[in-house]
Amino acid sequence: MRDAEIRELPELIGEQVRVSGWLYNARSSGKVRFLVVRDGSGYLQSVVVRSQISEKVWTEAERLTQESSLQVVGKVKEDKRAPGGVELQVEDLTIVQLSPEYPITPKEHGPDFLLNNRHLWLRSRRQHAIMRVRNELTYAIREFFHERNYVNIDSPILTPAACEGTSTLFETDYFGDTAYLTQSGQLYLEPAAAAHGKVYCFGPTFRAEKSKTRRHLMEFWMVEPEVAWMRFDGLLDLAEEFVSCLVTRVLDRCKEDLDRLERDVSKLEPATRRPYPRIDYGDAIAGLQGKGFDVKFGDDFGGDEETALADESGKPIMITRYPAAIKSFYMEPDAADPTRALAMDMIAPDGYGEIIGGSERIGSYELLEKRIAEHDLPRKAFEWYLDIRKFGGFPHSGFGMGIERVVTWLCGISHLREAIPYPRLLNRLYP
Ligand code: 4AD
Ligand code: MG
């Protein structure tokens, strides 16, 4: 007898195995009890036939409650109708811990109840599938960059200054000084790009956004590449190659999970094909005005505008060359029109919103100095950042992608809170 994970069982037909897991559900039909056991790697129908086992094992099988932990021993049998194509003929069964009434039942629960029980909700089928998609995505992200010879540089989480505006900073005491939780690793990546050429960071980022939208988390994970000598056009190409590779990979490897989530994958397929439409900010404004939106040149886009900008191809779109005034201090102006920034946002189709923000970075020491002053940023805290424009300045570009936005889009779910294991939301820091 050997211990086996449920996912291995199709290879073990005819063998006796022991599976350790939790009771997902159970039903009886007279002298047979069907136990669905899950172990994280899959779901297994385990069949307990009263006439074939001891009275003790039968009583234990009857006593089992939802989410009790257990071990079952039995023979793996082919069964084309069962999930995974196999079932287990139970010979022995041990209850490891009998669970008292489990709070999450197959009936409908409200989002607050589920979020309060996030530590248990993670076991549910849909949540299980979402985390598996996230896992595939993060692995594919690292592989994408590693294969292209990018060096992973981890940026700090405690920082002395803002990166993406001062209004969304989480503050903390740092031995009498103030430290801020990072909003983006970008500023620390730029120096690393001078050391390694192509770099990326991938870590948690924090935004104290007093907004309660389905697209905002207080804590989210961002992946950020930064590339020396890359100009704006190269950046657009990189973002497009990146996203199309990731979508292709998830479609390829997460079929079962997307199926469980009832995701219409035909909606994702256009994103596997390059190029993506590139739309100048000015044209985007004109397009929105044409659709009756009350927007004018100089406005930023909200969620409704982003949704309306969607392309009929069903691909993500890239909006380019935003007015410098509504973008970050570090963005390189467009040489053809310095009131515009060489900035890009990528917007996912079907109303999933902005998934990427990026730009070419300011190359000039004097201009960056001026922007720091204009944005009322503390010059002293940015001395090191200015140094990059002093000791061998170089053109460079990069972007950031929030992975929960992408998971939400890929899984076709309605709210970012399900795309991260433990969401941090306005008024929610538990569990
Ligand atoms: O557009 P953002 O603010 O860009 C930056 O932080 C740049 N410094 C990145 C860079 O150029 N290296 O954020 C980038 C992405 C957004 O497109 C979005 O996907 C995600 O981060 N994001 C959020 N995700 C969840 N909750 C929030 N509150 C988010 N804010 C941004
Ligand atoms: Mg942005």
Side-chain angles (χ1 to χ4, degrees), residues 134 137 141 145 150 153 155 159 161-170 180-193 198-227 230 232 235-236 238-239 242-243 246 281 300-303 305-306 316-320 322-323 326-332 341-348 352-362 375 385 396-410 413 415-420 423-426 428:
R134 180 183 169 111
L137 178 72
I141 286 170
F145 289 123
Y150 284 65
I153 299 287
S155 44
T159 65
C163 173
E164 292 298 327
T166 49
S167 61
T168 64
L169 286 169
F170 279 109
Y180 305 98
L181 298 185
T182 188
Q183 300 166 307
S184 156
Q186 178 200 325
L187 303 192
Y188 292 94
L189 266 188
E190 293 183 43
K198 294 187 288 190
V199 292
Y200 75 99
C201 65
F202 192 0
T205 47
F206 305 86
R207 307 264 169 111
E209 301 199 59
K210 284 246 164 76
S211 60
K212 220 177 169 176
T213 82
R214 59 196 176 90
R215 289 180 186 166
H216 289 94
L217 295 166
M218 305 300 139
E219 176 179 316
F220 63 97
W221 283 64
M222 196 175 356
V223 55
E224 300 177 80
E226 191 72 34
V227 186
M230 181 181 273
F232 190 55
L235 183 76
L236 301 180
L238 175 66
F242 184 53
V243 173
L246 297 177
Y281 169 87
D300 210 350
F301 303 126
E305 284 86 11
E306 284 175 0
I317 56 170
M318 292 190 280
I319 312 281
T320 61
Y322 284 80
I326 57 168
K327 285 289 180 188
S328 305
F329 75 96
Y330 52 70
M331 293 181 173
E332 177 75 9
L342 293 177
M344 171 273 291
D345 279 359
M346 188 187 288
I347 313 219
Y352 288 95
E354 178 196 327
I355 51 174
I356 283 182
S359 76
E360 190 168 325
R361 319 308 190 186
I362 286 179
H375 282 78
Y385 185 62
H396 56 291
S397 304
F399 65 75
M401 184 180 88
I403 67 161
E404 290 76 14
R405 296 261 180 101
V406 178
V407 171
T408 300
W409 168 43
L410 293 176
I413 53 183
H415 200 301
L416 257 67
R417 66 190 170 212
E418 291 183 43
I420 187 164
R424 299 297 174 230
L425 303 164
L426 199 62
R428 175 170 294 284

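For clarity, every value in this text was computed on a predicted model and none was experimentally measured. Order of appearance sets the numbers: ligands from 1, and atoms from 1 within every ligand.
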> Under 4.5 Å between any side-chain heavy atoms of Glu354 and Met401, yes or no?
Replying inline: no
> What is the minimum heavy-atom distance between Met218 and Glu209, and which atoms define it?
Replying inline: CE-O, 3.0 Å
> Measuring from each atom of ligand 1, which residues have a heavy atom under 4.0 Å away?
Replying inline: Glu164, Ser184, Gln186, Arg207, Glu209, Arg215, His216, Leu217, Phe220, Met222, Glu224, Tyr330, Glu354, Ile355, Ile356, Gly357, Gly358, Arg361, Gly398, Phe399, Gly400, Gly402, Arg405, Leu416
>> Would you call the rings of Tyr150 and Tyr200 parallel, tilted or perpendicular, taking 30° and 60° as the class edges?
In response: perpendicular
> Which of these passes side-chain contact (heavy atoms from CB on, under 4.5 Å) with Leu246: Val223, Leu410, Leu137, Ile403?
Replying inline: Leu137
> Looking at the Mg ion (ligand 2), which N/O/S atom of Glu354 is the nearest one?
Replying inline: OE2
>> Under 2.8 Å from the Mg ion (ligand 2), is there any N, O or S atom belonging to Asp345?
In response: no
> After noting the C-alpha distance and the side-chain angles of Gln186 and Tyr330, does the key distance pass the side-chain hydrogen bond (donor to acceptor under 3.5 Å, both in side chains) rule?
Replying inline: CA-CA 10 Å; Gln186 178 200 325; Tyr330 52 70; 3.1 Å; yes
> Between Val199, Ile153, Leu189, which is the residue that forms a side-chain contact (heavy atoms from CB on, under 4.5 Å) with Glu224?
Replying inline: Leu189
> Ile141 and Trp221: side-chain contact (heavy atoms from CB on, under 4.5 Å), yes or no, with the steps?
Replying inline: CA-CA 12 Å; Ile141 286 170; Trp221 283 64; over 6 Å; no
